[in-house]
**Student:** 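Here it is, the structure, as structure tokens.
Order of the sequence lines sets the chain letters (A, B, ...), proteins ahead of strands, with each chain counted from 1. This is a predicted model, so every value here is computed, not measured.
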Amino acid sequence: MKLATALWVLLLILTALTTQSAVIAAGFLVPFVLVMTYIKGQVVIDHFMGLRHATSRLRWIVPAWLLVVVGGIAYTFTLS
Amino acid sequence: MNIAATLPASHDQPRTLPGDLAIWFFIFAELLVFGVFFLAYAFARARNVELFDASQLQLDRISGAINTALLISSSYFVVRAVDRIRHGASHACAGWLVAAMTLGGAFLVLKLTEFAGKFAAGITMSTNTFFMFYIGLGFFHFMHVVLGMIILGWVAHKAWRGGYSAANHAGVETGASYWHMVDLVWIVLFPLIYVMH
Amino acid sequence: MKYQSQAVAKPYFIAAIGLFLGQILFGLIMGLQYVVGDYLFPAIPFNVARMVHTNLLIVWLLFGFMGAAYYLIPEEAERELFSPKLALAMFWIFLVAGAATILGYLLVPYATLAEMTGNNILATMGREFLEQPLPTKVGIVIVALAMLFNLSMTVLKGRKTAINLVLLLGLWGLAIFFLFSFYNPANLVKDKFYWWWVVHLWVEGVWELIMGAMLAFVLIKVTGVDREVIEKWLYIIIAMALISGLIGTGHHYYWIGTPEYWQWWGSVFSAMEPIPFFMMTLFAFNMVNRRRREHPNQAAVLWALGTGVMAFLGAGVWGFLHTLAPVNFYTHGSQITAAHGHMAFYGAYALVVLTMISYTMPILRGREANSRKAQVVEMWAFWLMTIAMVFITLFLTAAGILQIWLQRIAAEPMGFMAAQDQVALFYWMREITGLVFFTGLVLYIVSFFIKGEEARAS
């Protein structure tokens, strides 16, 4: 449970960073926020949902979803 | 870029997907719908950047951030609840679940306040494409929080009455998995709609 | 059969098949009127033939659902039906009301029928599929409520399984959503808005629950696969059907005066609607492959597999074809819609009812399965009807594509009737294929009268 608590604090810090990203990372806001989001999502998937220790053949679906969604969003921000 | 890989593995034994397999298919379907909507938003935005950026400025980013913190914390509480029931502590499990639901309730109140402000300002789904997504996706997610709370409430009630044990607690994991999904979706939704421009 | 009261299903099924025959006859008449405009005019004008064709479809499917429910619920609940007499009384009421309504359509001009039946008291008539006069609509509600009371009491006192609960939920939904047929606002936009709450929420919502439950029931019986496995599939399928289907209603809200956001909501959610149908295909084949016994009624297995495939093609693929708003901008209300409508209704609902009939009728007639000979004829009927329906769909799709091109895309767009003349060849081909379908249906009916030694499990 110590790990979970540490991750919880980490997630809160990352959320604060995301919220203040306009100030912290003015020049590279989009990649910064996307990386934060990807880390947060992966932490929730691995440790809260517990898929890191699942043995099912289906366990790749949720991480793949995160990758596709974050990657797709990143792509659209290169269009404009 | 996988930070989790660098962290020490937990003491848990390898096992199949937590909870009932059926809930996972449900979760996959939900993620698919949300994923399609997120990408639709992103592509619609790329075609109309000025409108999206201007409209986004009208959002209350702090309210969105607090809501993110609330959902993340409630997700953490649910992790604690699952840990408790693995040790056979039914009442502690129910307690953590109620705490998680309380934060979920706070999320709903804050979200409603946000929506009320927008409606009072005359903003609806028909205002423009940005607000169509903001209100539509927000409301769709809102309904998932409500459903998640109903599931958690049902599990908490059963846990309190001793319906689960250290050996048999798939129901708790089922509810927990759904709740984490609701959290995960919001983790993407918040930066996408409130922050990135 | 296990319970005496299951026998009430039999008259329902017989009536369903009879009305099915009527539906196809009127389909043929109407198909000919597409190309020979004054055929049977003024006795049966096109609009009347169309109304009879679609109304008979709905009514025979309802008969089929009811019969299936009266058979399935007692067996799943493991007790006799609460009141077989009530079920039988409702059968006669429904049959008489249905027949009187169809005769009303045929014998009296529609406006006169409306006047005679109190449409001025509460205006409900004139909407596609819901043309029934007020007394008929009230009758449908009474019959449905009596049936739901009967079935719910049976389940309440008996065993509750995923299958009978899902079926009951679907039937309750069917009755509740029908109530929107009594609300007919004068505003045309609002009218359409609520009209879809009956039509769409039936066929792309609660009927899918009914279909899933019936298919699961037959698959348990003919494959012997564990109930637990089948129930899990059923839960997933209905969850997907409801997620995609409810908000998917939005794909009917394009270009009719509703807010623009429906183009997004309708497109995204209805694009998911093929998923539950695809899962039904996987479900049917997966269960049959894992079968633990060779059921002597191989015809029923064929109908079940056919349902899985044709429902996915008709409802899933042909639905997806024109569900996205940018595509629908061109295809709206064209022959593409007719193509989808034909294959979806046949593949999903006609076939699932026929699956249920194929499995239960031999049992209702006192044997586990029909003779080999009868089954061979029945299978021929399946293939003739199914292949004919595939071709009807393809011809209508071709007609639709040409129609859209000539009427809506070409540099100098044609008028509606001029475009219709150009696609007449496809209508002729559709009509000929319709005759093949009719032949299949006749063979199907003949198969009930073929005797011979009962087939045994191999």
**Student:** Measure the shortest side-chain to side-chain distance between B/H197 and A/L29 over non-hydrogen atoms and say whether it is less than 4.5 angstrom.
**Tutor:** yes

**Student:** Checking heavy atoms, do the side chain of A/Y75, its backbone, both or neither come under 4.5 Å from chain B?
**Tutor:**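 A/Y75 touches chain B through side-chain heavy atoms alone.
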
**Student:** By a 4.5 Å heavy-atom criterion (distance strictly below it), what part of A/L14 contacts chain B: side chain, backbone, both, or neither?
**Tutor:** neither

**Student:** Could you check A/L79 against B/F43 for side chain to side chain contact (heavy atoms under 4.5 Å, CB included), going step by step and ending with a plain yes or no?
**Tutor:** CA-CA 9 Å; A/L79 294 177; B/F43 278 94; 4.2 Å; yes

**Student:** Please round to the nearest 0.5 Å and tell me the distance separating atom NE2 of A/H47 and atom NE2 of B/H180.
**Tutor:** 12.5 Å

**Student:** With rounding to the nearest 0.5 Å, note down the distance linking NZ in A/K40 to CD1 in B/I187.
**Tutor:**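 Reported value, rounded in 0.5 Å steps: 5.5 Å.
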
**Student:** Verify the neighbour count for atom CZ of B/F139: are there more than 12 heavy atoms of other residues, nucleotides or ligands below 6.0 Å?
**Tutor:** no

**Student:** Which atom names give the shortest non-hydrogen contact between B/S177 and A/M49, and what distance separates them?
**Tutor:**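 Distance-wise, the nearest heavy atoms are O-CE, 4.0 Å.
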
**Student:** Give, for atom OG1 of A/T76 and atom CG of B/L39, the distance between the pair rounded to the nearest 0.5 Å.
**Tutor:**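 Reported to 0.5 Å precision, the distance equals 8.0 Å.
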
**Student:** Heavy-atom cut-off 4.5 Å, strictly under: side chain, backbone, both or neither for A/I73 against chain B?
**Tutor:** both

**Student:** To the nearest 0.5 angstrom, please state how far the CD atom of A/Q20 sits from the CZ atom of B/R61.
**Tutor:** 7.5 Å

**Student:** Report which part of A/T19 has an atom under 4.5 Å of a heavy atom belonging to chain B: side chain, backbone, both, or neither.
**Tutor:** both

**Student:** Looking at every heavy atom in both A/L51 and B/L17, which two are closest together, and how far apart are they?
**Tutor:**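 Looking at all heavy atoms of both residues, the shortest contact is CD2-CD2, 3.4 Å.
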
**Student:** Side chain, backbone, both or neither: which part of B/R80 has an atom under 4.5 Å from a heavy atom of chain A?
**Tutor:** both

**Student:** Nearest 0.5 Å, what's the CG-OG1 distance between B/N67 and A/T15?
**Tutor:**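 These two atoms lie 11.5 Å from each other.
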
**Student:** Checking side chain to side chain contact (heavy atoms under 4.5 Å, CB included) for the pair B/V188/A/L66: CA distance, chi angles, key distance, verdict?
**Tutor:** CA-CA 9 Å; B/V188 179; A/L66 183 66; 4.1 Å; yes

**Student:** Restricting to side-chain contact (heavy atoms from CB on, under 4.5 Å), what partner residues turn up for A/L67, sequence neighbours left out?
**Tutor:**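 For A/L67 the side-chain contact (heavy atoms from CB on, under 4.5 Å) partners, ignoring immediate neighbours, are A/Y38.
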
**Student:** Name the region of B/F25, side chain, backbone, both or neither, that has any atom closer than 4.5 Å to a heavy atom of chain A.
**Tutor:** side chain

**Student:** What part of B/Y41 lies closer than 4.5 angstrom to a heavy atom of chain A: side chain, backbone, both or neither?
**Tutor:** neither

**Student:** Assign the ring pair A/F48 / B/Y76 to parallel, tilted or perpendicular, where the plane angle (0 to 90°) is split at 30° and 60°.
**Tutor:**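 Because their plane-to-plane angle lies in the 30° to 60° range, the rings of A/F48 and B/Y76 count as tilted.
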
**Student:** If I measure from the heavy atoms of chain B, does A/V69 come under 4.5 Å with its side chain, its backbone, both, or neither?
**Tutor:**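 For A/V69, the contact with chain B is made by backbone and side chain together.
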
**Student:** Which answer fits B/W179, side chain, backbone, both or neither, if we ask what part of it has an atom under 4.5 Å from a heavy atom of chain A?
**Tutor:**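 The answer is neither part of B/W179.
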
**Student:** Can you check whether A/W65 reaches B/L184 side chain to side chain, under 4.5 Å on heavy atoms?
**Tutor:** yes

**Student:** Nearest 0.5 angstrom please: A/L34 CG to B/M196 CE, how far?
**Tutor:** 3.5 Å

**Student:** Could you check whether any side-chain heavy atom of A/V62 comes within less than 4.5 Å of a side-chain heavy atom of B/M181, counting everything from C-beta outward?
**Tutor:**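 No, side chains not in contact.
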
**Student:** Can you list the steps and then say if A/R59 with B/T16 is a side chain to side chain contact (heavy atoms under 4.5 Å, CB included)?
**Tutor:** CA-CA 9 Å; A/R59 68 172 191 164; B/T16 55; over 6 Å; no

**Student:** At a heavy-atom separation under 4.5 Å, does A/L58 approach chain B through its side chain, its backbone, both, or neither?
**Tutor:**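 Looking at A/L58, backbone and side chain both touch chain B.
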
**Student:** Specify which of B/A69, B/G64, B/S73 makes the most heavy-atom pairs with chain A at under 4.5 Å.
**Tutor:** B/S73

**Student:** Let me know if B/L21 has heavy atoms under 4.5 Å from chain A in its side chain, its backbone, both or neither.
**Tutor:** side chain

